[in-house]
Amino acid sequence: MNILIVDDHPLFRHALIQAVRYSLPQAQIQETADVDEFYARLEHGAEPDLNLPGASGFSALVYVRAQYPAIPIIVVSAHEEVSIIQRAIAHGAMGYIPKSSHPSHIGEAIKHVLEGEIWLPPNLPTHAGFDPRAADETALAERLQSLTPQQFRVLMMVAEGLLNKQIAYELEVSEATIKAHVTAIFRKLGVQNRTQAVLAISALNIEDKKM
């Protein structure tokens with residue numbers, strides 16, 4: 001069993017590793033702190049059996065699900081709202097573990113997911129209504145899935161506010177190549193400019209929890 005844990009917080013990443021080792025001592029565990037390295041491992045290494053992405057919003061979840069449909073994904077998040085859990089499952093996650101969960105739930109979730117089942121928090125209200133945003137985001141998710149890996153990286157950089165020349169420098173390609181990618185991204189997403197592209201991708205974000 002090959003498990004890849006993705007989270008940008010070293011302390012929480014370490015805690016996840018310990019929880020997984022406690023429940024599944026035979027598992028081979030890898031870790032990474034950022035989504036770019038996560039993609040690189042998927043593209044150039046052996047595919048893990050399970051990923052625990054700690055990305056912002058659902059864009060990474062949507063894209064990984066499209067590129068690697070055979071990999072089961074569990075989301076571990078501080079967000080415990082039923083609507084967010086529903087959206088995560090709608091976008092392809094096979095499990096959702098709130099960070100407040102007991103460590104034993106980690107192993108339980110992994111075992112259920114590897115058996116092809118959906119795992120949700122035991123205390124999830126059974127009467128909760130379905131969040132309409134999950135359905136509304138389906139079309140956008142399908143458009144995102146049509147992007148190539150490089151186009152998806154460019155879109156994420158556009159969303160961060162980087163200019164074409166900055167993106168070209170980061171990806172070590174020409175500015176003309178980036179312009180071509182941006183044009184293709186606009187066409188596939190059905191938008192006219194960078195502002196509309198950013199607004200589209202922001203629909204997959206998770207609202208910050210109020211203090």
Side-chain angles (χ1 to χ4, degrees), residues 2-10 12-13 16-17 28-77 87-88 91-93 137-208:
N2 187 15
I3 296 175
L4 175 58
I5 294 176
V6 187
D7 197 282
D8 58 354
H9 296 285
F12 180 68
R13 201 165 61 244
L16 268 180
I17 291 172
Q28 298 295 316
I29 304 173
Q30 302 177 57
E31 60 176 302
T32 179
D34 61 75
V35 175
D36 283 341
E37 185 181 346
F38 167 56
Y39 292 146
R41 292 198 185 199
L42 290 180
E43 290 174 9
H44 303 298
E47 292 188 2
D49 298 312
L50 186 71
N51 307 291
L52 305 176
S56 175
F58 297 116
S59 56
L61 170 61
V62 167
Y63 194 69
V64 171
R65 168 55 60 233
Q67 296 297 311
Y68 304 93
I71 296 178
I73 301 172
I74 292 177
V75 173
V76 182
S77 175
R87 291 166 68 195
H91 290 311
E137 292 166 3
T138 300
L140 172 59
E142 292 175 351
R143 292 195 292 271
L144 274 179
Q145 292 167 4
S146 70
L147 300 180
T148 66
Q150 191 75 328
Q151 288 170 355
F152 185 76
R153 292 190 183 95
V154 170
L155 175 58
M156 293 300 99
M157 292 181 177
V158 168
E160 291 173 3
L162 273 64
L163 302 175
N164 286 351
K165 61 181 180 181
Q166 294 172 309
I167 299 174
Y169 176 80
E170 292 290 335
L171 298 181
E172 299 181 339
V173 297
S174 69
E175 190 172 348
T177 297
I178 298 304
K179 288 181 179 178
H181 281 318
V182 170
T183 298
I185 291 168
F186 288 174
R187 184 183 73 252
K188 291 181 177 182
L189 293 185
V191 299
Q192 301 298 318
N193 52 52
R194 299 169 84 91
T195 300
Q196 291 179 353
V198 172
L199 288 174
I201 198 68
S202 66
L204 291 172
N205 287 342
I206 300 175
E207 297 84 355
D208 291 334

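Sequential numbering from 1 along the given sequence is applied to the chain's residues. Keep in mind that this is a model prediction, so the values were computed, not measured.
- Nearest heavy-atom pair, V198 versus A159, reported as atom, atom and distance to 0.1 Å: CG2-CA, 3.9 Å.
- With sequence neighbours excluded, no residue satisfies salt bridge (Lys or Arg N to Asp or Glu O under 4.0 Å) with R194.
- The line from CG of L155 to CD of E160 is 10.0 Å long, rounded to the nearest 0.5 Å.
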Check residues 167-182 and write down every donor-acceptor pair under 3.5 Å in which the side-chain atom is one partner and the other belongs to a residue at least two apart or another chain.
residue, atom, partner, partner atom, Å
S174, OG, T177, N, 3.1
S174, OG, T177, OG1, 2.9

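- If you take NZ on K188 and OG1 on T183, they are separated by 12.0 Å, rounding to the nearest 0.5 Å.
- With hydrogens and angles disregarded, no donor-acceptor distance shorter than 3.5 Å links the side chain of Q166 to the backbone of L162.
- Taken from CG in L144 to CD1 in I201, the straight-line distance is 4.5 Å, to the nearest 0.5 Å.
- Between R153 and Q150 the shortest side-chain heavy-atom distance falls below 4.5 Å.
- The minimum heavy-atom distance linking I185 with Q151 is given by the pair CD1-O, 3.2 Å.
- With values rounded to the nearest 0.5 angstrom, L61 atom CG is found 5.0 Å from I73 atom CD1.
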